[in-house]
Amino acid sequence: MGGVLDCDRLIAALEEYRNGIIANSHSADSMNVVRNELFEQCCLAGENEPSGLFTLTAPTGAGKTLAMLAFALYHAKKQGKRRIIFVLPFLSIIEQNAEVYRKICSETLEIHSQTEYPEEMREMSDRFDAPIIVTTSVRFFETLFRNKPRDCRCLHNFSDSVIIFDEAQTLPIGLAKATLQSVNALCGMFNSTVVFSTATQPPFQYINGLQWQPREITREKDRLFSATKRTALKMDISHPKSFEEIAEEICVLDSVCCIVNKKAHSYTLFQLVNESDPESCFHISTDLCAAHRKRVVGEIRRRLSEGKPCRVVSTSCIEAGVDLDFKNIFRALAPLEAIVQSAGRCNRNGCLSGESGNVTVFLPKGIDGEKSMYPTEWYGFAAETVRVVASRHPIDIDNPGHIEEYYRTLFPFSESDKKLDDAISDFDFSQVSKQYKFIDNSAVNILVPYSECIEEYNSLKREAVEKGINNSWVRRAAHLSVTSYDRDTVDRVCEAVRFAKGDSAYSGWYILNDSRFYDDKAGFHIDSDSCPDYIL
């Protein structure tokens, strides 16, 4: 690992890999044409554009994974960049993209909380020292804003790099101003090239007090979006619908996924749909451990490919980076970027023989007694902004102009984190480090007895009880764990574990000993507070 970024060798490897993909493609010809065009545009921009700040705006399913790498390699070769860093918000996307990049470049290094490297590679991970790196938004940005020695030791490796932020719409709005100012600094002061890639490109220039002037890589993006239009959108939000009504609509369809905003909603709806036909019904949320989700997604993909009935109820964790293709999508009212991402799971490869996939946005009644229909206040405000835009005219999710109108309506009401802004203005580095939190890290982690991996669970449990846990244990346990924000309930049903080496401090980890609370279809099913489906 480590070493020099050999652009010529990797460009040749990318072309060879891409030729294999083209030869085995089952997508509609129209989709392949768009993917080829986007790839060629990224190659040309990489060769011809100087260093700086860019956006890459392209529809879902347009092949951004390979196109981003093409731009990065050609640009790094022309401008003499030392490495390529891909920054992504979710582990599901990281695992998928890193697998692709590793086939092209074996030296690709993943850097996140679930990686376990031998001792000789750990220093390279800590220092971001590899030709191609794939990491999380949390790890990258919190490293950039921390004042800890470990984080500061890798900052020099962010310079002279090509840094690509995929799914750029996931940037927390309260941190947007500070984060994007740091991105401007990476370009202007540290000679890096930065690309923000997404199908729903936020026009950050509408955030008060922010200078944001990127160059767009995609040419004629309106035409690309129009050429890849694969769905028909129905906004069914004139009155709220009960989950019983939604379940009835789902159960008459054979290829359908319903995405809701809260875990409690997904569990309630899943129970209703599951009563109709348990064999064809599946549930996906972060109440399933990663190993469990991977198996469920594999079974869903198999049933869809075989044309068997498949009905899925999910939280937003399925929206980005999960390569599934349904004929019908139901989406609870949400921010427009979430609706667009959900639609990306519908008729994804354009293979419905001249038909469009159906995307229905509905307004759920929710659950009696709940305080909010949405996971956060800003999420709810953004969802209501969709209703504002929809009251003006029918929304076309394949029209970049409508997406910009949504953000232009939303962003003037955004507020940055005042404590963070004050700390930056005062050059109070310890306070900046304290205030910059990319996600809420107050959740607890629970090792769960997923039946397919029960021997591994028993081994990890025994090690934790007898010896305590360390960083190696945490990495090995990550794919068999879930998170919960309901600390009181977790304390009642789970066993807390301690750090190893005689350290009696609370570790933030628990073990679920009672398998009644972990279901092979629903996952960890103790009622828990709503929380975003982000993973460190």
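- In this structure, the ring-ring contact (aromatic ring centres under 6.0 Å, His included) partners of Tyr407, at least two apart in sequence or on a different chain, are Phe411.
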Report the C-alpha distance between Ser255 and Leu304 in whole Å, list the side-chain angles of each, state the deciding distance to 0.1 Å, and finish with yes or no for side-chain contact (heavy atoms from CB on, under 4.5 Å). CA-CA 7 Å; Ser255 173; Leu304 290 172; 3.6 Å; yes
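- A distance of 7.0 Å separates CD1 of Ile21 from NZ of Lys103, quoted to the nearest 0.5 Å.
- With sequence neighbours excluded, the residues satisfying side-chain hydrogen bond (donor to acceptor under 3.5 Å, both in side chains) with His393 are Glu405.
- Using a 4.5 Å heavy-atom cutoff, the side chains of Pro400 and Lys221 are in contact.
- Phe381 is linked by a ring-ring contact (aromatic ring centres under 6.0 Å, His included) to Trp378, Phe413, counting only residues two or more places apart in sequence or in another chain.
- Residues that satisfy the side-chain contact (heavy atoms from CB on, under 4.5 Å) test with Cys346, not counting sequence neighbours, are Thr231, Ile329, Val359.
- Closest approach of Leu288 to Val482, counting heavy atoms only: C-CG1, 3.8 Å.
- Taking the centre of each ring, His525 and Tyr518 stay at or above the 6.0 Å mark.
- In this structure, Lys177 does not pair ionically with Asp417, as no charged nitrogen and carboxylate oxygen lie closer than 4.0 Å.
- Counting heavy atoms from C-beta on, the side chains of Leu333 and Val386 come closer than 4.5 Å.
- By the side-chain hydrogen bond (donor to acceptor under 3.5 Å, both in side chains) test, Asn358 is found to be paired with Asn328, residues two or more places apart in sequence or in another chain being considered.
- Residues Ile403 and Leu336 are in side-chain contact: their nearest non-hydrogen atoms beyond the backbone lie under 4.5 Å apart.
- For residues 325-338, the salt bridge (charged side-chain N to carboxylate O under 4.0 Å, His left out) pairs, not counting sequence neighbours, are Glu319-Arg331.
- Heavy atoms of other residues, nucleotides or ligands lying less than 6.0 angstrom from CD of Glu279 number 12 at most.
- Listed by chain and residue number, His283 satisfy the ring-ring contact (aromatic ring centres under 6.0 Å, His included) test with Phe270 (two or more places apart in sequence, or in another chain).
- A distance-only check finds a donor-acceptor pair linking the side chain of Thr198 to the backbone of Thr200 [under 3.5 Å].
- Counting heavy atoms from C-beta outward, Val256 and Phe326 have side chains that stay 4.5 Å or more apart.
- A distance of 11.0 Å separates OG1 in Thr376 from CD1 in Ile173, rounded to the nearest 0.5 Å.
- For Tyr450 and Tyr457, the distance between ring centers is not under 6.0 angstrom.
- Note: Tyr436 and Phe145 have parallel aromatic rings, judged against thresholds of 30 and 60 degrees for the angle between ring planes.
- Annotation: side-chain contact (heavy atoms from CB on, under 4.5 Å) contacts of Lys229 (sequence neighbours excluded): Asp396, Asp398.
- Legend: residues meeting side-chain hydrogen bond (donor to acceptor under 3.5 Å, both in side chains) with Glu245, ordered by chain and number and at least two apart, are Ser242.
- Taken to the nearest 0.5 Å, the CG atom of Asp222 stands 11.0 Å off from the OG1 atom of Thr218.
- With salt bridges taken as basic N to acidic carboxylate O contacts below 4.0 Å, none links Arg492 and Asp488.
- The CD1 atom of Ile259 lies 12.5 Å from the OG atom of Ser285; values are rounded to the nearest 0.5 Å.
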side-chain contact (heavy atoms from CB on, under 4.5 Å) assessment of Phe86 paired with Ile132: CA-CA 8 Å; Phe86 291 97; Ile132 296 181; 4.1 Å; yes
Could you walk me through whether Gln201 and Glu404 satisfy the side chain to side chain donor-acceptor pair (under 3.5 Å) test, starting with their C-alpha distance in whole Å, then the side-chain angles of each, then the deciding distance to 0.1 Å, before giving a yes or no? CA-CA 8 Å; Gln201 194 68 242; Glu404 180 172 342; over 6 Å; no
Set out, in order, the CA-CA distance, both residues' side-chain angles and the distance that settles side-chain contact (heavy atoms from CB on, under 4.5 Å) for Ile207 and Phe204, then state yes or no. CA-CA 6 Å; Ile207 293 178; Phe204 290 119; 3.7 Å; yes
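- In this structure, SG in Cys281 is found 8.0 Å from CG in Leu269, a value given to the nearest 0.5 Å.
- When all heavy atoms of Pro202 and Gln169 are compared, the pair lying nearest together is CG-CA, 3.8 Å.
- The number of heavy atoms from other shown groups lying within 6.0 Å of CD (Glu415) does not exceed 12.
- In this structure, the side-chain contact (heavy atoms from CB on, under 4.5 Å) partners of Ala227, at least two apart in sequence or on a different chain, are Val34.
- Residues Arg303 and Glu306 are not in side-chain contact: their nearest non-hydrogen atoms beyond the backbone lie 4.5 Å or more apart.
- Annotation: Arg516, atom CZ; neighbour count of heavy atoms from other residues, nucleotides and ligands within 6.0 Å does not exceed 12.
- The closest side-chain heavy-atom distance from Ile397 to Phe225 is not below 4.5 Å.
- Scored by the side-chain hydrogen bond (donor to acceptor under 3.5 Å, both in side chains) test, Glu249 finds Lys241 as partners (sequence neighbours excluded).
- Within the 3.5 Å criterion, the main-chain N or O of Asp287 finds no donor-acceptor partner in the side chain of Arg293.
- In Lys294, the NZ atom is not crowded: 12 or fewer heavy atoms of neighbouring residues, nucleotides or ligands sit closer than 6.0 Å.
- For Lys64 (side chain) and Leu38 (main-chain N/O), no donor-acceptor pair under 3.5 Å exists by modelled atom type.
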Steps toward ring-ring contact (aromatic ring centres under 6.0 Å, His included) verdict (Phe165, Phe54): CA-CA 10 Å; Phe165 299 106; Phe54 295 88; over 10 Å; no
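- Atom OG1 of Thr143 sits about 10.5 Å away from atom CZ of Phe141, to the nearest 0.5 Å.
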Could you give me the CA-CA distance, side-chain angles and deciding distance for Val361 and Leu233, then say whether side-chain contact (heavy atoms from CB on, under 4.5 Å) is met? CA-CA 8 Å; Val361 177; Leu233 177 68; 3.8 Å; yes
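- Using a 4.5 Å heavy-atom cutoff, the side chains of Val296 and Ile284 are in contact.
- Distance alone, capped at 3.5 Å, places no donor-acceptor pair between the Arg387 side chain and the Ala383 backbone.
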Show the numbers, then the answer: is there a salt bridge (Lys or Arg N to Asp or Glu O under 4.0 Å) between Glu456 and Arg476? CA-CA 9 Å; Glu456 188 177 2; Arg476 286 180 283 123; over 6 Å; no
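- Stacking of Lys365 on the aromatic ring of Phe243 is not recorded, the 6.0 Å distance cut-off and the 45° axial limit not both being met.
- Within 6.0 Å of CD on Glu99 lie no more than 12 heavy atoms contributed by other residues, nucleotides or ligands.
- For Ala332, the side-chain contact (heavy atoms from CB on, under 4.5 Å) partners two or more places apart in sequence, or in a different chain, are Val260, Asn261, Phe362, Pro364.
- A heavy-atom distance below 4.5 Å is found between the side chains of Ile367 and His265.
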